[in-house]
A.B. asks: 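The structure under discussion is supplied below as structure tokens; questions concerning it will follow.
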Amino acid sequence: MVRCAADPPYPILDDVIRLHHLTKRYGDTLAVDDLSFTVEPGHVTGFLGPNGAGKSTTMRLILGLDTPTSGEALVNGRPYTTLRRPMAQVGALLDAGAVHGGRTAYHHLLCLARTNDIGERRVAEVLDLVGLTGVARRRVGGFSLGMRQRLGIAAALLGDPRVLMFDEPVNGLDPDGVRWIRDLMRSLAAEGRTVLLSSHLMSEMALTADRIVIMGRGKLIAEATIQELTTRYPTLEDAYLALTAGSVQFGAAR
Amino acid sequence: MNMLSSEWLKIRSVRSTGLLLLLSLGAILLGAAIAWMAAGMYDDATPAKRATASIAELEEVVIIVPQLCMGILGVLAITSEYATGVIRTSLTAVPRRWPVLAAKAAVVGAISLLTGSVAIFGTYFLARQVIGDRFSGTYLTPFLDRLPTLAATGLTVCVFALLGLGLGALTRSTAGAVAVLVGLAYVIPMFVGKLPSPWKDWLGSMMISALPRQISGVPFKSSVYGSSLPPAAAVAVLAAYALVPVLAGTWLLRHRDA
Amino acid sequence: MRAVISSEWLKLRSVASTYYALGAAGLMVVLGVVWSVYASGLADERGSVRAAAPEEGFLPLVQISLAVIGVLAITAEHATGMIRTSLTVVPRRGVLLFAKTAVVTVVTFAAATAIIMTTYAVSRLLAGERRLGFNESSFAEDVPTLLAAGLSVTVLAIVGLGLGAAVRSTAGALVSVVSLLFVLPGIANYLPAPWNTRIAAFMLPNLTPQLTGERLSRRLGDGILPPWAALLALLAYAAVALGAGLHMLSKRDA
């Protein structure tokens, strides 16, 4: 299963997220401003930016949850909303809290699985993979944030997709869980999958990601490999702080 | 005092409050529109028909709108906190807990009392203006004779709001609280009206909408409800609708994990 | 489509609120028993009584309880944020709403009809040979009324679903349903004649009696719609609400 990351097994147009002049305006605010970049397979691409930079909006636009004002976001060369069985192509974790608290973990996943003709066996598999088998029959309402993150990751993996997006998956996880996510992300990328990962934990990102995309105020600020950034700056954190200095909207004076 | 201003700010800053107030006061226009329609038909009618024409007390008909809206306002004041999880923050800030519900009751009660009064008197005066000296009876009665009924009817709007708040605190669910509120306000009265006597009159007298007329001692000529309670008892029943659920909710709030 | 319907069926089955709502609606049977026993007792004293049929008198209870199922089928997803996950796995929004409609239709019609028929059968059995008013017509005569009552429950649940999708709030959708069921008909009663009958004839709860050619009420007299027009009006309520829901769901960012 493990392939060399440097040698993507698929032609370059497959398993790719491509943003093309993507723009989203909510009333007077430009949440995403003429954003173009490509997320390629075989790497973990870290998605960074200050709060309110437009990262989550970008992910929602990619998933067709929000309609772009102009431009387009393509997954495998097509708009997400035209995919027939999207779970087999794209898996996403946007908001771990967005589950009906009255449903059990097993039923929650089975509800999602059925929409894409995924069987019960696969549900059991992903539950096992994220370590929730023991609590599968418990209601999600009683889950900790860390358990919800694991449930969200399980949902993203259900269709065994080649493209994966995770918005702040590390939030609320214990050190064990953080380590687990890091290994999971890296192994997914090593299998030649496309992984887009947003996080605010710079030290963690430096360990997990190969490439970095930085956004600020809806615009693309930088696109580089970790190596390129850490040659120019002492650490990834320094690189991030220097690059986003002009685009922090919500923060204490520094 | 801080609690009050905090709850006031909370309720003022949600969009549904404005919408519910707008709808509640829309009842005045609805009442005026019906009055205008009735007046037009009266003018076109033959003298013989005019002699027997009658009109319902419109303000007591359209009050159903602010009743429902303020009931929902009361429900949302507490269930929206449960839905979003804000309740935990609220209760952490006030560990004794009961002041949270008390402050909500004060704010919701004040808003709904004001809204109910504006709606009932607004509809009454506007309808009276439109009807003029048409139709015998209703709108020719001196205002002071109508005042007790109108005031008591306006008060029911406040009772609905507190009832909603109490049910919300008990059920912690918007859908559950609204369903029970609707059951108490509409479903139960509907089949109480179909009960054989003496149950019909006995239970019918306890329905919220039957209470204002028993408080003012001016019974309806024909009503699906009963009228067997003396004013003091009717006041007590009305107060029980408002207070029992809120008190039960307060007790649960203190003894249940948030 | 079959896959999405099976997912929606599981969603409905796997939350407690569905069972609370069914339980509340099922109270009709209990109330029907109490009612029949009580009316029978009176009849034994007086020879005969004219009591209302329990499956008609308690119908609003079933209507409002099962309408809650329709409302929550969509607004619970908005309240929890689950809607974003649902739309990620089923990007075609019309398909999602259609699947919900199908499941809500079948479940509410089956439940309503079962509850109504059971109440009917039990109350007639308890009444025996006594003359209670409601048990003096044959089953064949009553069937259309019973089916029309079940249909009215389903239409109300669909209206709740459609309006829920349009307003995205449990409270908002429930207020709309309650307005259609109780508030507006209540006010229409007090319009000056003949407008009270003309307008009340189009009110949701008054369409059921017109469907089978019965009188509306003592105050309103006979209806003005022939059965086919009443059926059309009933279906129009469902269609308009669903149309509004589909429009808003498709147009808006999730």
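Naming: A, B, ... by sequence-line order, numbering from 1 per chain. What you see is a predicted model; the values in this text were computed from it and never measured.
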A.B. asks: Quick one: what part of L42(C) sits under 4.5 Å from any heavy atom of chain B, side chain, backbone, both or neither?
C.D. replies: side chain

A.B. asks: Between chain B and each of A39(C), A52(C), G57(C), count heavy-atom pairs under 4.5 Å; write down the option with the most.
C.D. replies: G57(C)

A.B. asks: Heavy-atom distances under 4.5 Å only: say whether L181(C) touches chain B with side chain, backbone, both or neither.
C.D. replies: neither

A.B. asks: Heavy-atom distances under 4.5 Å only: say whether V61(B) touches chain C with side chain, backbone, both or neither.
C.D. replies: both

A.B. asks: Quick check on A79(C) against chain B: is it the side chain, the backbone, both or neither that has a heavy atom closer than 4.5 Å?
C.D. replies: neither

A.B. asks: Going from CG on L174(C) to CD1 on I72(B), what distance comes out if it is rounded to the nearest 0.5 angstrom?
C.D. replies: 7.0 Å

A.B. asks: Tell me, yes or no, whether the heavy-atom count around M207(B) atom CE, taken from other residues, nucleotides or ligands under 6.0 Å, exceeds 12.
C.D. replies: yes

A.B. asks: Listing request: all ring-ring contact (aromatic ring centres under 6.0 Å, His included) pairs with a residue in residues 43-73 of chain B, at least two apart in sequence or in separate chains.
C.D. replies: none

A.B. asks: A175(B) versus chain C, heavy atoms under 4.5 Å apart: side chain, backbone, both or neither?
C.D. replies: both

A.B. asks: Which heavy atom of F182(C) sits nearest to which heavy atom of I64(B), and what is that distance?
C.D. replies: O-CD1, 4.3 Å

A.B. asks: Flag the pair P205(C) / M190(B) as yes when at least one side-chain heavy-atom distance between them is below 4.5 Å, and no otherwise.
C.D. replies: no

A.B. asks: Could you look at I187(C) and say if it's the side chain, the backbone, both or neither that has a heavy atom under 4.5 Å from chain B?
C.D. replies: both

A.B. asks: Below 4.5 Å from any heavy atom of chain B, which atoms of L61(C) appear? Answer side chain, backbone, both or neither.
C.D. replies: both

A.B. asks: At what distance, to the nearest 0.5 angstrom, does CD1 of I199(C) lie from CE of M37(B)?
C.D. replies: 5.0 Å

A.B. asks: Please state whether the side chain, the backbone, both or neither of L23(B) comes within less than 4.5 Å of a heavy atom of chain C.
C.D. replies: neither

A.B. asks: Give every donor-acceptor pair between chain B and chain C closer than 3.5 Å, one pair per line, or write none.
C.D. replies:
unit_1: W199(B); atom_1: NE1; unit_2: Y38(C); atom_2: OH; d: 2.7

